[in-house]
Amino acid sequence: MSRIGLFGGTFDPIHNGHVHIARAFADELALDTVVFIPAGEPYHRDAPARTAAAQRLAMVELAIADEPRFAVSDCDVLRKGATYTFDTVQIFRQAFAQAQLWWLLGMDSLLNIHTWHRYQALLDSVNIAVAARGRDSLSQVSPTLHTWLPHALAKAQNSPDGRDGGRLHLLQAPLSPLSATTIRKAYAAGQGAGVAADLPPGVAAYIGEHGLYRS
Ligand code: ATP
């Protein structure tokens, strides 16, 4: 049975924290592939402006080019309107019917997951792997997840195989302090050179060539 990690995000821009945790997820969970899934354009009229989806997708392609276990999907970029994670997972479920699927995320995202569209069905249909981030911790998950949490941790331990969902894995690898917000702010302040080392080299070059994140 193959194991596939699905790593959704804005990736505005993708940074070394994303790449490092994706590699650690692949190692710890013996994933055959990690598919990066950049989010599409915001569908709310009042959503904040951000880098075009095509440019965020291009940066992900540059970042993962040398890593054979990594792939990128444009499924959320191409879908019109709201792109719910639940629907994204169903697309991969149909395409890889026999695989074990893992949704990869940082702790800040897990703490919001109870606000996501059809989150209970999502947690039933996919396995979750979470990377520690900052001071956020599992003890802060919403009370609505208090029943799911111990059950999902135990399922990942005791029943590691199977194409069903409902497992939770806490990444053991050390946390990364990087965030895209910090990187955008540095570029906007004219201090891009100070954060270029936090980016895959091709991504830093792309940002420079396209003049991204200038205020
Ligand atoms: P922003 O600062 O714009 O919110 P970000 O750095 O959090 O961006 P996203 O594209 O929003 O990047 O993140 C995609 C996924 O990667 C999310 O699940 C997020 O929690 C996770 N993530 C990003 N950076 C880290 C990190 N340093 N450690 C752990 N998880 C991370």
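Because the structure is a prediction, the values reported are computed rather than measured. All ligand and atom numbering here is 1-based and tracks the order in the structure.
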Checking Thr182 against Ser179: is there a side-chain donor and acceptor pair closer than 3.5 Å? yes
For ligand 1, run through the N/O pairs with the protein that fall under 3.5 Å and put one pair on each line.
residue: ligand 1; atom: 2 (O); partner: Ala180; partner atom: N; Å: 3.4
residue: ligand 1; atom: 2 (O); partner: Thr181; partner atom: N; Å: 2.9
residue: ligand 1; atom: 2 (O); partner: Thr181; partner atom: OG1; Å: 2.5
residue: ligand 1; atom: 3 (O); partner: Thr181; partner atom: OG1; Å: 3.4
residue: ligand 1; atom: 3 (O); partner: Arg184; partner atom: NH1; Å: 3.0
residue: ligand 1; atom: 3 (O); partner: Arg184; partner atom: NH2; Å: 3.3
residue: ligand 1; atom: 6 (O); partner: His15; partner atom: NE2; Å: 2.9
residue: ligand 1; atom: 6 (O); partner: Arg133; partner atom: NH2; Å: 3.3
residue: ligand 1; atom: 6 (O); partner: Ala180; partner atom: N; Å: 2.8
residue: ligand 1; atom: 7 (O); partner: Arg133; partner atom: NH1; Å: 2.8
residue: ligand 1; atom: 7 (O); partner: Arg133; partner atom: NH2; Å: 3.3
residue: ligand 1; atom: 10 (O); partner: Thr10; partner atom: N; Å: 3.0
residue: ligand 1; atom: 10 (O); partner: Phe11; partner atom: N; Å: 2.8
residue: ligand 1; atom: 12 (O); partner: His18; partner atom: NE2; Å: 3.0
residue: ligand 1; atom: 13 (O); partner: His18; partner atom: NE2; Å: 3.3
residue: ligand 1; atom: 18 (O); partner: Gly106; partner atom: N; Å: 3.1
residue: ligand 1; atom: 18 (O); partner: Ser109; partner atom: OG; Å: 2.9
residue: ligand 1; atom: 20 (O); partner: Gly106; partner atom: N; Å: 3.1
residue: ligand 1; atom: 20 (O); partner: Asp108; partner atom: OD1; Å: 2.6
residue: ligand 1; atom: 20 (O); partner: Ser109; partner atom: OG; Å: 3.1
residue: ligand 1; atom: 24 (N); partner: Arg133; partner atom: NH2; Å: 3.2
residue: ligand 1; atom: 27 (N); partner: Ser176; partner atom: O; Å: 3.0
residue: ligand 1; atom: 27 (N); partner: Ser176; partner atom: OG; Å: 3.4
residue: ligand 1; atom: 27 (N); partner: Leu178; partner atom: O; Å: 2.9

For Asp136, side chain to side chain donor-acceptor pair (under 3.5 Å) partners two or more places apart: none
Which side-chain N or O atoms in residues 111-123 pair as donor and acceptor under 3.5 Å with protein atoms at least two apart or in another chain?
residue: His114; atom: ND1; partner: Leu111; partner atom: O; Å: 3.4
residue: Thr115; atom: OG1; partner: Asn112; partner atom: O; Å: 2.6

Under 3.5 Å, side-chain donor or acceptor atoms of residues 185-206 against the rest of the protein: list the pairs with distances, not counting sequence neighbours.
none

Should the pair Asp32-Arg3 be classified as a salt bridge under the 4.0 Å nitrogen-to-oxygen rule? no
Here the pair of heavy atoms bringing Tyr213 nearest to Pro13 is OH-N, 3.1 Å
